[in-house]
Amino acid sequence: MQDAPTEPPFVDFRDVWLAYNEELLRANHFAVEGIDLQVKRGEFIAIVGPSGCGKSTFMKLTTGLRMPSMGRILIDGQPVTGPLKISGMAFQASSLLPWRTTVENVLLPLEIVEPYRSSFKQKKKEYEERARRLLQKVGLAGYEDKFPWQLSGGMQQRASICRALIHEPKMLLLDEPFGALDAFTREELWCILRDLHAEQGFNVILVTHDLRESVFLADSVYVMSKSPGRFVAKREIEFPRPRPLELTYAKEFTDIVLELRSHIGAIRTPVGAAAVPQ
């Protein structure tokens with residue numbers, strides 16, 4: 001009896017290298033090098049590493065904002081040749097437009113991204129109802145018609161995540177989305193993201209400096225080396241879902257955090273020290 005064919009990866013990096021211009025390429029000066037990564041459909045991965053290691057460069061490659069100097073990237077089975085329409089993004093700064101209400105900010109992608117743009121005027125009421133439902137899911141009921149200056153930092157970031165999800169993308173990319181928030185607000189947003197991912201099943205790529213955040217949220221955590229960035233360790237996170245916040249205080253959780261921290265510490269050792277095992 002033949003095994004059922006395995007589903008191809010949703011994100012597929014094959015020996016990807018990137019130099020930011022031709023001069024750097026000729027000098028063999030790469031921002032990231034030798035990236036091989038295969039991510040299953042619906043998987044949540046986190047990428048951690050020291051500042052300047054190429055995490056944000058990896059995100060630009062994944063979204064098609066940068067093309068690799070060498071190698072190949074497939075997303076959902078298709079070669080990446082330019083900016084992707086099937087992804088949503090949120091960053092550390094919420095970047096809400098101050099002259100638009102919360103719901104108007106969330107609707108912005110539908111006004112500029114096809115196929116929604118063509119039908120936005122005709123379907124505005126339907127889209128607005130979708131935005132309001134999404135805002136209610138993240139705890140912003142009653143704030144839909146407020147302006148950004150009337151929202152706390154945590155509320156603004158919730159709205160930013162809604163804006164990234166309003167066009168129902170297959171993949172959500174998060175670049176340090178909770179880094180500027182206080183610890184309690186950050187943990188609230190971890191739980192909101194956990195629940196949205198469980199409900200909607202989109203892929204998530206999270207770039208973060210917070211090791212606790214990566215272990216709590218992700219199915220797999222990848223550690224990047226100092227620039228030029230390459231993956232030097234991968235850690236599967238096998239805690240069952242949904243994960244309660246109390247898990248972050250358990251010994252088995254903190255053991256994984258310390259293990260990841262040891263990889264990051266190891267890649268900061270002086271030249272000539274023992275290499276980090278793959």
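The structure displayed is predicted, hence computed values, not measured ones.
- We find that D36 and R14 are not joined by a salt bridge, their nearest charged nitrogen and carboxylate oxygen being 4.0 Å or further apart.
- When only modelled atom types and interatomic distance are considered, S118 and E114 share a side-chain donor-acceptor pair under 3.5 Å.
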task: Verify ring-ring contact (aromatic ring centres under 6.0 Å, His included) between F231 and F58, making sure each step is shown before the conclusion.
output: CA-CA 11 Å; F231 292 132; F58 173 84; 5.8 Å; yes
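- A side-chain N or O of D182 and one of T185 form a donor-acceptor pair less than 3.5 Å apart.
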message: Applying salt bridge (Lys or Arg N to Asp or Glu O under 4.0 Å) to R212 and E187, what does each step give before you reach the verdict?
response: CA-CA 10 Å; R212 289 177 66 244; E187 290 178 351; 3.2 Å; yes
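- In this structure, R158 contributes its side chain and L135 its backbone to no donor-acceptor pair below 3.5 Å.
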- request: Could you go through the salt bridge (Lys or Arg N to Asp or Glu O under 4.0 Å) check for D219 and K40 one step at a time?
  value: CA-CA 10 Å; D219 298 307; K40 298 190 295 284; over 6 Å; no
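- The only option from L74, I75, V39 that meets the side chain to side chain contact (heavy atoms under 4.5 Å, CB included) definition with F10 turns out to be I75.
- A salt bridge links R235 to E259: at least one charged side-chain nitrogen sits closer than 4.0 Å to a carboxylate oxygen.
- Partner of E111 under the salt bridge (charged side-chain N to carboxylate O under 4.0 Å, His left out) criterion, chosen from K121, K123, R100: R100.
- Residue L108 belongs to a hydrophobic cluster whose other members are L97, W99, with links defined by side-chain heavy atoms closer than 4.5 Å.
- Using modelled atom types and a 3.5 Å distance limit, the side chains of Y127 and S119 yield a donor-acceptor pair.
- Side chains of E144 and T101: a donor-acceptor N/O pair is absent below 3.5 angstrom, by distance only.
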task: Applying salt bridge (Lys or Arg N to Asp or Glu O under 4.0 Å), run through D76 and R41 and close with a yes or a no.
output: CA-CA 8 Å; D76 199 17; R41 188 174 300 276; 2.7 Å; yes
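- With salt bridges taken as basic N to acidic carboxylate O contacts below 4.0 Å, one links R132 and E128.
- Aromatic ring orientation, F44 versus H197: perpendicular (interplanar angle above 60°, classes split at 30° and 60°).
- In the model, S69 has no side-chain atom that pairs as donor or acceptor with a side-chain atom of Y20 under 3.5 Å.
- At a cut-off of 3.5 Å, with distance as the only test, a side-chain donor of E213 or T208 sits close to an acceptor on the other residue.
- The pair D195-K137 does not meet the salt-bridge criterion, since no charged nitrogen lies less than 4.0 angstrom from a carboxylate oxygen.
- Scored by the salt bridge (Lys or Arg N to Asp or Glu O under 4.0 Å) test, R26 finds no partners at all (sequence neighbours excluded).
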